[in-house]
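One structure below.
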Amino acid sequence: MVDQLRSDPGADLRKLKTVATSAQLNAVTTLIDRSRDEGQRQTGTTAINELQVQSVNLDNSDPKAGKVPYKYAADPTGGWRVATGQDLKQTPCAAS
């Protein structure tokens with residue numbers, strides 16, 4: 001989703017709500033907004049070299065607060081969203 005939104009400056013950022021929530025939603029929205037304001041856009045796709053899940057929280061105590069996806073009740077296996085993330089502090093890849 002992030003690749004799509006960073007590649008198309010006219011794409012609606014509300015689409016992020018289908019894949020992210022909480023702090024991660026705010027962070028990615030801010031990142032894309034700033035990039036767009038600076039006239040930047042992404043070309044190509046992002047590849048994840050390594051992914052480590054640190055924790056999973058299925059708290060459904062207050063769905064109106066956005067703690068679970070909209071479609072969670074109908075499709076719990078397909079309703080995951082990212083709430084937090086952390087980038088590793090490493091040297092950026094060389095530009096191609």
Side-chain angles (χ1 to χ4, degrees):
M1 180 61 65
V2 173
D3 283 354
Q4 176 189 355
L5 295 171
R6 292 185 76 182
S7 298
D8 180 2
D12 190 344
L13 291 182
R14 290 179 289 190
K15 290 181 180 180
L16 283 170
K17 292 181 179 181
T18 65
V19 297
T21 189
S22 192
Q24 190 69 12
L25 176 61
N26 292 335
V28 176
T29 301
T30 299
L31 170 72
I32 296 172
D33 270 337
R34 285 185 185 160
S35 296
R36 288 178 175 183
D37 287 347
E38 294 173 4
Q40 299 174 354
R41 72 176 185 90
Q42 177 177 328
T43 59
T45 57
T46 303
I48 297 174
N49 186 39
E50 181 179 339
L51 175 68
Q52 288 186 341
V53 176
Q54 299 296 317
S55 66
V56 175
N57 182 349
L58 299 177
D59 182 357
N60 195 20
S61 61
D62 186 6
K64 291 179 183 177
K67 291 186 178 183
V68 296
Y70 275 99
K71 298 175 185 166
Y72 182 79
D75 182 14
T77 61
W80 294 83
R81 291 184 295 169
V82 177
T84 61
Q86 181 178 6
D87 294 333
L88 298 177
K89 306 293 186 220
Q90 295 181 346
T91 305
C93 300
S96 54

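Numbers here simply count residues along the sequence, with the first being 1.
- Closest non-hydrogen pair, Asp3 versus Thr45, comes out as OD2-CA, 3.4 Å.
- In this structure a side-chain-to-backbone donor-acceptor pair under 3.5 Å is missing from Arg36 to Gly10.
- To the nearest 0.5 angstrom, Leu16 atom CG is 11.0 Å from Thr21 atom OG1.
- Distance OG1/Thr29 to CZ/Arg34: 11.5 Å, rounded to 0.5 Å.
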Legend entry - Verdict with reasoning, Val2 to Thr46, per side chain to side chain contact (heavy atoms under 4.5 Å, CB included): CA-CA 9 Å; Val2 173; Thr46 303; over 6 Å; no
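- Taking each heavy atom of Ser7 and Pro9 in turn, the nearest pair found is O-CD, 3.5 Å.
- With rounding to the nearest 0.5 angstrom, the CZ atom of Arg6 is 11.5 Å from the CG atom of Leu13.
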